[in-house]
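Every chain is numbered from 1, with letters handed out A, B, ... down the list of sequences. These numbers come from a predicted model, not from an experiment.
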Amino acid sequence: MPPIAPRSGDAIFASTERVNAELFTLTYGAVVRQLLTDLEEVDEVNKQLDQMGYNIGIRLIDEFLAKSNVSRCVDFKETAEVIAKVGLKMFLGVTASVTNWDAEGTTCSLVLEDNPLVDFVELPDTCQGLYYCNILSGVIRGSLEMVSMKTEVTWIRDMLRGDDAFELQVKLLKQVPEVYPYKDDE
Amino acid sequence: MAAVYSLYIINKSGGLIFYKDYGSAGRMDTNDSLRLASLWHSMHAISQQLSPVAGCTGIELLEADTFDLHCFQSLTGTKFFVVCQPGTQHMEILLKHIYELYTDYVLKNPFYEMEMPIRCELFDINLAQAVQKDRVVLLGR
């Protein structure tokens, strides 16, 4: 009998080593600022942040699985809940709510009321196209890919652009079968 | 002398990325360890297919006259297995602990390339501590 998956990441969050939130926020700010200087184009920065997030995600997923005792999710709905309640709590210290499910149960939104990445950020006019937290979407995409789910993650609402919350849309594109050896007729 | 004979880590495509033996029992040269790793990878996959139990995730324990082999596979497909003295206890806990060490000292090392052989000194040091017999017993409590 596998251990029962925790419904919240509070306990894991409390037991892991943490760094000062300001150090984290300011470091991320410095990274984004440097990318803007280096790449000049806001679109390129968005792309780069997403790629960096992806590279983090493909490694982070193992730490999540190792330390959270979460077992295999039965469906995408459960996956979304686990990301929102356990994953985000464990690594970011916040939780999200899961809403806006479509009829097929393959697209949903993670709504973040609070986001430590943007504590001191005001987006200047020159960076209006910037998805400042694009690294997060990359992390989610990368992590899910390592557990056989191809997803597309996009920002719907962004507080830095005047919205009332952060909303990430997660769309399940396809589930790659992980069974090996593959079926004989394939 | 620790009851653990050797430890293997296999990446999701079946390549051996880490091998360490503890003491003389069951020691293997590089070729044999690579062979055993890919053999185990295939056997593990076949066992999933052959198992009468729905949702089987593969062999977890192989018991032989001279050794036990305990295997743990993470949801991302990386396999960890130890070969140990028959009847050694708490190996599941040890494997779970090794998985945590792997996420901390291998995956978080920015210079480690995913799916490639593990050469991380910090991992070696922490692993050595974890494998020590009294440590295994301690973790079991």
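For residues 129-140 of chain A, a heavy-atom distance under 4.5 Å to chain B picks out no residue at all. Contacts between residues 34-62 of chain A and chain B, counted as heavy-atom pairs separated by less than 4.5 Å, involve A:Ile58, A:Arg59, A:Ile61, A:Asp62.
Linking Ile, Leu, Val, Met, Phe, Trp and Tyr residues whenever their side-chain heavy atoms come within less than 4.5 Å leaves B:Leu61 and B:Trp40 in two separate clusters. Taking hydrophobic clusters as Ile, Leu, Val, Met, Phe, Trp and Tyr residues chained together by side-chain heavy-atom distances below 4.5 Å, B:Leu127 shares a cluster with B:Leu122. There is a path of hydrophobic side-chain contacts, each under 4.5 Å, that joins A:Trp101 to A:Val153. Hydrophobic cluster membership is shared by B:Val83 and B:Met43, with clusters built from Ile, Leu, Val, Met, Phe, Trp and Tyr side chains linked at under 4.5 angstrom. A:Val94 and A:Phe13 are assigned to two separate hydrophobic clusters, defined by single-linkage of ILVMFWY side chains at heavy-atom distances under 4.5 Å.
Checked against ring pair (Phe, Tyr, Trp, His ring centres under 6.0 Å), B:Tyr102 has the following partners two or more places apart in sequence or in another chain: B:Phe80. Under the rule for a side chain to side chain donor-acceptor pair (under 3.5 Å), the partners of A:Arg157 that lie at least two apart in sequence or sit in another chain are A:Asp164, A:Glu167.
Residue A:Arg161 places its CZ atom among more than 12 non-hydrogen atoms of other residues, nucleotides or ligands, all under 6.0 Å distant. Counting non-hydrogen atoms of other residues, nucleotides and ligands closer than 6.0 Å to CD of B:Glu121 gives a total of 12 or fewer.
In this structure the side chain of B:Glu100 never reaches within 4.5 angstrom of the side chain of A:Glu63, judged on heavy atoms. A heavy-atom distance below 4.5 Å is found between the side chains of B:Asp104 and A:Lys67.
Distance OG/A:Ser71 to CG/B:Leu75: 8.0 Å, rounded to 0.5 Å.
Within the 4.5 angstrom heavy-atom criterion, atoms from both the backbone and the side chain of B:Thr76 approach chain A.
Taking all atoms of both residues into account, the shortest heavy-atom contact from B:Lys96 to A:Leu65 is NZ-O, 4.4 Å.
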